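For reference, the structure is listed below as C-alpha cells.
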There are 2 protein chains.
Amino acid sequence: MTRSVVSVTVDLVLLTIRQGALQALLVRRGIPPFQGRWALPGGFVLPDEDLAEAAARELREETGVDPTAGHFEQLATYGAPGRDPRGRVVTVAYLALLPDLPSPVAGSDAAGADWRPVDDIEPGELAFDHDRILGDGIERARAKLEYTPLATAFCPAEFTVADLRTVYETVWRTRLDPRNFHRKVTGADGFVEPTGGTVIRDRGRPAQLFRRGPATLLHPPLLRQSSPPGS
Amino acid sequence: MTRSVVSVTVDLVLLTIRQGALQALLVRRGIPPFQGRWALPGGFVLPDEDLAEAAARELREETGVDPTAGHFEQLATYGAPGRDPRGRVVTVAYLALLPDLPSPVAGSDAAGADWRPVDDIEPGELAFDHDRILGDGIERARAKLEYTPLATAFCPAEFTVADLRTVYETVWRTRLDPRNFHRKVTGADGFVEPTGGTVIRDRGRPAQLFRRGPATLLHPPLLRQSSPPGS
DNA sequence: GTAATAGTGTCTTTCAGACATTATGTC
DNA sequence: GACATAATGTCTGAAAGACACTATTAC
C-alpha cells in the first residue's frame with residue numbers, strides 16, 4: 001500500500017459583521033509562497049494537536065479571541081495535489097462566526113491582518129485556493145442561518161431583536177419585515193431569552209435585550225427566499 | 001514553524017437500503033491494527049490524487065460501483081492524535097448514498113465485506129473512531145433528506161412514489177401518510193419527473209414511474225419532526 | 001407637538017396533516 | 001365479486017406575509 005506523506009494545515013474562515021457589512025479576517029502573507037498576498041489565517045497542525053485544537057489556537061493567535069465567544073465548526077477539507085507549491089499540503093478549514101470584537105487582530109503574527117467586507121474581495125485576490133474556501137464558508141453561514149439560531153453568534157452577549165434582524169439582512173443581503181421578524185424570533189422555542197433589560201439605540205421606544213436561548217435548531221426555520229416586502 | 005507530517009486516508013460511509021433497512025458497507029480488516037475487526041472501507045490517499053478522487057477510487061474498489069450512480073459528498077475530517085496506533089493519520093470521510101446494488105461488494109480487496117443494518121452495529125464494534133464517523137454520516141443523511149432531494153439517490157434510475165416514501169420511512173424510522181407524501185413529492189418543483197411508464201409491484205393499481213428531477217434543494221422542505229398525527 | 005423605533009393585533013393566503021373518495025390492477 | 005395499492009379531492013388548523021395600530025423614547 002502506497003502511503004502519501006503530507007503536511008496538514010488548518011485555515012480559518014472568520015466572519016463577523018462590522019460597519020453594516022459581512023466581513024472576513026484576512027492576513028497578508030509575510031513569507032513565500034504568495035508573499036504579500038492576502039490569505040485566510042491558518043497554520044500547520046502541531047504533532048500532538050487535534051485538528052479543532054489547532055484551529056482554536058490559530059484563532060486565539062490571530063484575533064486574541066476565545067473560540068467560545070461565537071460559533072466554531074469544521075467547514076471542509078481541501079487537498080488537491082497542486083494547491084500548495086511547497087508540496088502536498090492538505091488543509092482542514094474551520095468556520096467561525098464572531099461578534100464584532102472590541103480588540104480584533106491583536107497579537108497577530110502575520111505581516112498584516114484586517115477585516116475585509118467579503119463583497120470587496122476580488123476573485124483571484126487570495127492565495128492558494130482560499131477564494132473557494134472563503135466562498136464555501138460564506139455559503140455555509142448563509143444556509144445555517146435558516147435552520148439554526150446561529151445568527152446570535154454574530155451578536156454580543158446581549159442584543160435586541162433589531163440587532164438580530166440586521167444580522168440576517170446583512171448576511172442574506174435582504175430586507176425583512178421588522179414586525180413579522182419580531183413575532184417569529186420571539187415565538188421560536190429557545191431561540192432567544194429576555195434578559196429583562198432595555199436599551200435605546202438612537203431614537204424611539206427602548207428595545208428589550210435578549211440573550212441566546214438553548215435551542216440548537218430552529219423550528220420552524222426562518223426561510224431566506226420568502227417574498228421580500230414591497231416587491 | 002513546526003510542521004506536522006502525517007499520513008492521510010479516506011474512509012467511506014456507504015449507505016443503502018436493502019431488505020427494508022438502512023445498511024452500511026463494512027469490511028473486515030485483514031491486517032493490523034484492529035485485524036479481524038469490522039471497519040469502514042477506506043485507504044491511503046495516493047501521492048498525486050485529490051481527496052475526492054481517492055474516495056471515488058476506494059468506492060470503485062470496494063463496491064465495483066460508479067460514484068455517479070448515487071450521491072457522493074465529503075463528510076468531515078478526523079485527526080485526533082491517538083486515533084490510529086500506527087502514528088498520526090488524518091482521515092477525510094466521504095458519504096455516499098447508493099441504490100441497492102445488483103452486484104455489491106465485488107472486487108473488494110478486504111478479507112471480507114458486507115452490508116450491515118446500521119441498527120445492528122454495536123457501539124464499539126468498529127475499528128478506530130469509525131463508530132463516530134458512521135454516526136456522523138447517518139445523521140448527515142437523515143438531515144439532508146429534509147431539505148434536499150437526495151432520497152432519490154437511494155433509488156434506482158426509475159422508481160415509484162411509494163419507493164421514495166419507503167426511503168424516507170426507513171431512514172427516518174417513521175410512517176408517512178402515503179397520500180400527503182404523494183402530493184408533496186409531485187408538487188415540489190424539480191423533485192421528480194414522470195417517465196411515462198408504470199409498474200405493478202404486488203397487487204393494486206399500477207404506479208407511475210419517476211426519475212430524479214433537476215432540483216438540488218427542496219422548497220418547501222419535507223420535515224421530519226412534523227407534528228405526529230393525532231397528538 | 002413631530003419623528004423614529006419597538007412591539008402587538010388582524011387579515012388573508014398558503015400549506016401541512018387528516019382522511020374520504022375514486023381509479024385500476026390481481027385474485 | 002373481494003382486496004390491495006395508486007392517485008385525487010376536501011376539510012381544518014397553523015403559520016407566513018402584509019400591514020394597521022399602539023407604545024415609548026428624543027427632539
Side-chain angles (χ1 to χ4, degrees), chain A residues 20 145-147 155 158-169 172 174-210 215 217-231, chain B residues 20 145-147 155 158-169 172 174-189 191-210 217-231:
Chain A
L145 291 206
E146 291 197 40
Y147 53 93
C155 297
E158 301 203 343
F159 52 88
T160 68
V161 175
D163 294 337
L164 193 60
R165 179 166 47 83
T166 301
V167 170
Y168 278 93
E169 292 181 336
W172 286 349
T174 356
R175 290 281 129 190
L176 298 172
D177 184 286
R179 299 157 293 185
N180 293 334
F181 184 83
H182 188 283
R183 176 161 42 87
K184 289 187 74 162
V185 166
T186 54
D189 214 53
F191 193 177
V192 296
E193 292 175 339
T195 67
T198 60
V199 71
I200 300 169
R201 284 275 185 263
D202 188 23
R203 270 201 282 275
R205 173 174 170 175
Q208 288 183 294
L209 285 170
F210 294 85
L217 278 169
L218 277 190
H219 288 301
L222 267 148
L223 294 181
R224 223 188 311 192
Q225 76 305 330
S226 43
S227 53
S231 80
Chain B
L145 291 206
E146 292 197 40
Y147 53 94
C155 296
E158 300 204 345
F159 53 88
T160 68
V161 175
D163 294 337
L164 192 61
R165 180 166 46 83
T166 301
V167 169
Y168 278 93
E169 292 181 336
W172 285 350
T174 358
R175 291 278 129 191
L176 298 172
D177 184 287
R179 298 157 292 185
N180 292 334
F181 184 83
H182 189 282
R183 176 162 43 88
K184 287 187 76 162
V185 165
T186 54
D189 215 53
F191 194 177
V192 296
E193 292 176 338
T195 67
T198 60
V199 71
I200 301 170
R201 284 274 184 263
D202 186 24
R203 271 202 280 276
R205 173 172 169 177
Q208 287 182 296
L209 285 169
F210 294 85
L217 279 169
L218 276 190
H219 287 301
L222 265 148
L223 294 182
R224 230 192 304 194
Q225 76 308 327
S226 42
S227 53
S231 81

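Here is the naming used below: chain letters follow the sequence lines, and residue numbers restart at 1 for every chain. Just so you know, these numbers use all the heavy atoms, side chains as well, and skip hydrogens, waters and symmetry mates. In this text, all values refer to a predicted model and were calculated from it rather than measured experimentally.
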What is the distance, rounded to the nearest whole Å, between atom [atom1] of [X] and atom [atom2] of [N]?
{"X": "B:D177", "N": "D:dT8", "atom1": "CG", "atom2": "P", "result": "14 Å"}
{"X": "B:L176", "N": "C:dA16", "atom1": "CG", "atom2": "P", "result": "13 Å"}
{"X": "B:F159", "N": "D:dA6", "atom1": "CZ", "atom2": "C1'", "result": "16 Å"}
{"X": "B:D163", "N": "D:dA6", "atom1": "CG", "atom2": "C1'", "result": "12 Å"}
{"X": "A:R175", "N": "D:dA18", "atom1": "CZ", "atom2": "C1'", "result": "17 Å"}

Is the backbone N or O of B:L209 less than 3.5 Å from a side-chain atom of B:T195, with the two atoms forming a donor-acceptor pair by type?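 Present.
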Taking A:L176's backbone N and O only, do any of them form a donor-acceptor pair with A:E169's side chain (distance below 3.5 Å, no angle check)?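 A pair under 3.5 Å: yes.
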Is the number of heavy atoms from other residues, nucleotides or ligands within 6.0 Å of CG (A:D189) greater than 12?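 Atom CG in A:D189 is not packed in, count stays at 12 or less.
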Could you check, using the six-membered ring where one of them is a Trp, whether A:Y147 and B:Y147 have ring centers closer than 6.0 angstrom?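 Yes, they do, as the ring centres are separated by less than 6.0 Å.
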Decide if the gap between the ring center of B:Y168 and the ring center of B:F181 is smaller than 6.0 angstrom.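 Ring centroids of B:Y168 and B:F181 are less than 6.0 Å from each other.
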State which residues pass side chain to side chain donor-acceptor pair (under 3.5 Å) with A:R205; sequence neighbours excluded, sorted by chain then number.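 Applying side chain to side chain donor-acceptor pair (under 3.5 Å) to A:R205 gives none.
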A:T166 versus A:D163, side-chain donor and acceptor atoms under 3.5 Å: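 The criterion, which ignores hydrogens and geometry beyond distance, is not satisfied for A:T166 and A:D163.
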Nucleic acid contacts - residues 198-208 of chain B versus DNA chain D, non-hydrogen atoms under 4.0 Å: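 Heavy-atom contacts with DNA chain D come from B:R203, B:G204, B:R205, B:P206, B:A207, B:Q208.
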Nearest 0.5 Å please: distance from the CZ atom of B:R201 over to the OG1 atom of B:T160.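 That separation rounds to 5.0 Å.
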Within residues 178-187 of chain A: residues closer than 4.0 Å to DNA chain C (heavy atoms):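 Close to the strand are A:R179, A:H182.
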